[in-house]
Trainee: 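Have a look at this one.
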Amino acid sequence: MPKTKAPKPAEPVHVAPNWPPFKPPLPVVDLVLEAHPQTPKIATIPLFFPKNLCRDYVTFLKTLPLQTTPGKPKRGEAVRVNDRFQVQDENFASRLWETTGLREALLSNEDANISWGGELVGLNPNIRVYRYQKGQYFDCHYDDSNDLILPTEPRLAARTTWTLLLYLTSSTEGCVGGETVFHPHDRQLPSEEIAVSLETGTLLLHKHGHECLLHEGREVKAGEKWVLRTDLCVRR
């Protein structure tokens with residue numbers, strides 16, 4: 001199978017929105033990083049956001065100026081059909097990293113046997129919002145790693161190594177389909193696929209760059225799939 005990549009993210013042009021506060025204060029439970037039993041390249045953190053906070057965020061995200069991605073990709077890019085919003089927001093990335101319990105959960109993962117690819121230093125300020133409605137999907141692709149400069153003091157040279165997806169809806173909210181499906185041997189065989197079902201408030205992490213697994217976002221059959229996306233960053 002050809003190395004189909006995710007479309008390169010466009011330069012964010014939106015003004016940072018007034019994101020809802022994290023109420024109740026996070027974390028609401030002890031966050032537990034769970035490595036996938038079939039591969040150390042996939043991990044989840046259940047209950048990262050409580051369901052009421054997910055609901056508040058979906059209500060807010062619906063007010064943003066979402067844009068539908070074109071169904072015809074550039075050469076070498078996967079087909080992605082969804083509605084999205086993208087913004088460069090260092091403050092929100094910092095809030096997610098420092099005030100939710102995420103940093104502590106990831107830095108104390110010795111039992112999970114997961115390698116982040118270097119010293120974790122934060123999250124990519126490039127924040128993306130995805131909405132998949134009925135009939136929308138993301139075809140098989142690989143996520144690239146990116147070099148960036150984190151706006152710390154002093155500024156820090158970093159590299160993204162893991163994709164971070166926060167599911168804000170699931171079957172509980174009427175979303176049917178939309179699973180994130182990984183193909184560990186670079187081929188689409190049902191007997192080999194690893195399907196991660198949507199769970200409201202769950203954080204899905206998967207390795208990207210040269211060790212990325214071929215993966216896809218299955219078609220949504222009913223309802224809406226809402227996702228917040230950023231990336232883990234390591235020092236370079």
Trainee: Cluster partners of Leu189, using ILVMFWY side-chain heavy atoms under 4.5 angstrom, listed by chain and number?
Mentor: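 Besides Leu189, the hydrophobic cluster comprises nothing; the residue is isolated.
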Trainee: With sequence neighbours excluded, give me every side-chain hydrogen bond (donor to acceptor under 3.5 Å, both in side chains) pair touching residues 224-236.
Mentor: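 The answer is Glu119-Arg235, Asn124-Asp231, Arg128-Asp231, Glu224-Trp226, Arg229-Asp231.
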Trainee: Show the atom names and distances, to 0.1 Å, of all donor-acceptor pairs under 3.5 Å that link a side chain in residues 40-63 to residues at least two apart or in another chain.
Mentor:
{"from": "Lys41", "atom 1": "NZ", "to": "Glu211", "atom 2": "O", "distance (Å)": "3.3"}
{"from": "Tyr57", "atom 1": "OH", "to": "Pro20", "atom 2": "O", "distance (Å)": "2.6"}
{"from": "Thr59", "atom 1": "OG1", "to": "Arg55", "atom 2": "O", "distance (Å)": "3.1"}
{"from": "Thr63", "atom 1": "OG1", "to": "Phe60", "atom 2": "O", "distance (Å)": "2.6"}

Trainee: Say whether Val196 and Leu203 are linked into one hydrophobic cluster, either directly or through other cluster members, by side-chain heavy-atom distances under 4.5 angstrom.
Mentor: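 Result: no, two separate clusters.
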Trainee: So which atom in Gly177 and which in Leu198 form the shortest heavy-atom distance, rounded to 0.1 Å?
Mentor: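 It is O-CD1, 3.8 Å.
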Trainee: Can you hop from Ile194 to Leu165 via hydrophobic side chains spaced under 4.5 Å?
Mentor: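 Hydrophobic grouping puts Ile194 with Leu165.
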Trainee: Taking side-chain hydrogen bond (donor to acceptor under 3.5 Å, both in side chains) as the test, write out the residues that go with Gln133, two or more places apart.
Mentor: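 Only Asp83 meet the side-chain hydrogen bond (donor to acceptor under 3.5 Å, both in side chains) criterion with Gln133.
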Trainee: Would you mind writing out the side-chain donor-acceptor pairs for residues 214-222 within the sub-3.5 Å range, not counting sequence neighbours?
Mentor:
{"from": "His215", "atom 1": "ND1", "to": "His141", "atom 2": "O", "distance (Å)": "3.3"}
{"from": "His215", "atom 1": "ND1", "to": "Leu213", "atom 2": "O", "distance (Å)": "2.8"}
{"from": "His215", "atom 1": "NE2", "to": "His141", "atom 2": "NE2", "distance (Å)": "3.1"}
{"from": "His215", "atom 1": "NE2", "to": "Asp143", "atom 2": "OD1", "distance (Å)": "3.4"}
{"from": "Glu216", "atom 1": "OE2", "to": "His183", "atom 2": "NE2", "distance (Å)": "2.7"}
{"from": "Arg218", "atom 1": "NH2", "to": "Glu193", "atom 2": "OE1", "distance (Å)": "2.8"}

Trainee: Is the closest side-chain heavy-atom distance between Asn126 and Gln86 below 4.5 Å?
Mentor: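 Answer yes - side chains close enough.
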Trainee: Could you grab the distance from atom CG of Leu205 to atom CD1 of Ile114, nearest 0.5 Å is fine?
Mentor: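 Between atom CG of Leu205 and atom CD1 of Ile114 there are 7.5 Å.
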Trainee: With sequence neighbours excluded, tell me which residues meet side-chain contact (heavy atoms from CB on, under 4.5 Å) with Pro25.
Mentor: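 Once residues adjacent in sequence are excluded, Pro25 has no partner under the side-chain contact (heavy atoms from CB on, under 4.5 Å) criterion.
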Trainee: For Glu173, enumerate each residue passing the side-chain contact (heavy atoms from CB on, under 4.5 Å) test, keeping only those at least two apart in sequence or located in another chain.
Mentor: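 Result, side-chain contact (heavy atoms from CB on, under 4.5 Å) vs Glu173: Thr169, Ser170, Thr200.
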Trainee: Heavy-atom distance under 4.5 Å between the side chains of Thr161 and Cys233, does that happen here?
Mentor: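 Contact flag for Thr161/Cys233 side chains = no.
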Trainee: Rounded to the nearest 0.5 Å, how far does CG of Leu166 lie from OG1 of Thr202?
Mentor: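 One gets 8.5 Å once the value is rounded to the nearest 0.5 Å.
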Trainee: Under a 4.5 Å cut-off applied to non-hydrogen side-chain atoms, are Pro125 and Leu150 in contact?
Mentor: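 Side-chain contact under 4.5 Å: yes.
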Trainee: Within the 4.5 Å heavy-atom criterion, are Leu164 and Leu96 side-chain neighbours or not?
Mentor: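 No. Closest side-chain heavy atoms not under 4.5 Å.
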Trainee: Please check if the side chain of His36 supplies one atom and the backbone of Gln38 the other of a donor-acceptor pair under 3.5 Å.
Mentor: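 Indeed, once roles are kept as given, a pair shorter than 3.5 Å links the two residues.
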Trainee: Looking at Phe138, is Arg80 sitting on its ring face, NZ or CZ under 6.0 Å from the six-membered ring centre and within 45 degrees of the normal?
Mentor: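 Yes.
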Trainee: So Phe92 and Phe22, would you call those rings parallel, tilted or perpendicular, with 30° and 60° as cut-offs?
Mentor: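 The arrangement is tilted - the two ring planes meet at 30° to 60°.
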Trainee: To the nearest 0.5 angstrom, please state how far the CZ atom of Arg159 sits from the CG atom of Leu232.
Mentor: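 Taking CZ in Arg159 and CG in Leu232, the distance rounds to 12.0 Å.
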Trainee: Would you say the ring centroid of Phe182 lies under 6.0 angstrom from that of His206?
Mentor: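 Yes, the ring of Phe182 comes within the 6.0 Å limit of the ring of His206, centre to centre.
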Trainee: Ignoring hydrogens, what is the shortest heavy-atom contact between Ala105 and Leu33? Give both atom names and the distance.
Mentor: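 Scanning both residues, the minimum pair turns out to be O-CB, 4.4 Å.
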Trainee: Would you check if there is a donor-acceptor pair between the side chains of Asn82 and Tyr130 at a distance under 3.5 Å?
Mentor: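 No, no side-chain donor-acceptor contact under 3.5 Å.
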Trainee: Suppose clustering is done on Ile, Leu, Val, Met, Phe, Trp and Tyr with side-chain heavy atoms closer than 4.5 Å. Which residues sit in the same group as Val176?
Mentor: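 Members besides Val176: none; it forms no cluster.
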Trainee: Is a side-chain donor-acceptor pair under 3.5 Å present for Asn91 with Trp19?
Mentor: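 The criterion, which ignores hydrogens and geometry beyond distance, is not satisfied for Asn91 and Trp19.
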Trainee: Check for me, please, whether Leu168 and Val29 land in the same ILVMFWY cluster - side-chain distances under 4.5 Å, paths through other members count.
Mentor: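 Yes; Val29 is reachable from Leu168 via cluster members.
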Trainee: Honestly curious: do Tyr137 and Val181 fall in one hydrophobic cluster under the side-chain, below-4.5 Å linking rule?
Mentor: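 In one cluster: no.
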Trainee: Tell me which pairs pass ring-ring contact (aromatic ring centres under 6.0 Å, His included) where either residue lies in residues 146-181, with sequence neighbours left out.
Mentor: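 Residue pairs with at least one partner in residues 146-181: Trp116-Trp162.
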Trainee: What verdict does the side-chain hydrogen bond (donor to acceptor under 3.5 Å, both in side chains) test give for Thr160 and His208, after you've listed the backbone C-alpha separation in whole Å, the side-chain angles of each residue and the deciding distance to 0.1 Å?
Mentor: CA-CA 8 Å; Thr160 67; His208 66 220; 3.0 Å; yes
Trainee: If the condition is side-chain hydrogen bond (donor to acceptor under 3.5 Å, both in side chains), which residues does Ser115 pass it with, not counting sequence neighbours?
Mentor: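 With neighbours one apart ignored, the set is empty.
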Trainee: Could you state whether Leu148 and Val87 fall into the same hydrophobic cluster, counting links through intermediate Ile, Leu, Val, Met, Phe, Trp or Tyr residues with side-chain heavy atoms under 4.5 angstrom apart?
Mentor: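 Cluster IDs for Leu148 and Val87 differ.
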Trainee: Considering residues at least two apart in sequence or located in another chain, which fulfil the side-chain contact (heavy atoms from CB on, under 4.5 Å) criterion with Ser171?
Mentor: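 By the side-chain contact (heavy atoms from CB on, under 4.5 Å) rule, Ser171 matches no residue at all.
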Trainee: Check whether any side-chain heavy atom of Val129 sits under 4.5 Å from a side-chain heavy atom of Leu228, and report yes or no.
Mentor: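 Answer yes - side chains close enough.
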Trainee: Can you confirm whether Asn18 is buried at CG, in the sense that more than 12 heavy atoms of other residues, nucleotides or ligands lie under 6.0 Å from that atom?
Mentor: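 No.
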Trainee: Quick one: closest heavy-atom pair of Leu31 and Pro27, and the distance?
Mentor: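 Taking Leu31 first and Pro27 second, the nearest heavy atoms are CG-CB, 3.9 Å.
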Trainee: Any pair with a residue in residues 92-107 that passes side-chain hydrogen bond (donor to acceptor under 3.5 Å, both in side chains), sequence neighbours left out, goes on the list, sorted by first then second residue, please.
Mentor: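 Non-adjacent pairs meeting side-chain hydrogen bond (donor to acceptor under 3.5 Å, both in side chains): Ser94-Glu98.
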Trainee: From Thr163 OG1 over to Leu204 CG, what is the distance, rounded to the nearest 0.5 angstrom?
Mentor: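 Nearest 0.5 Å value for the OG1-CG distance: 8.5 Å.
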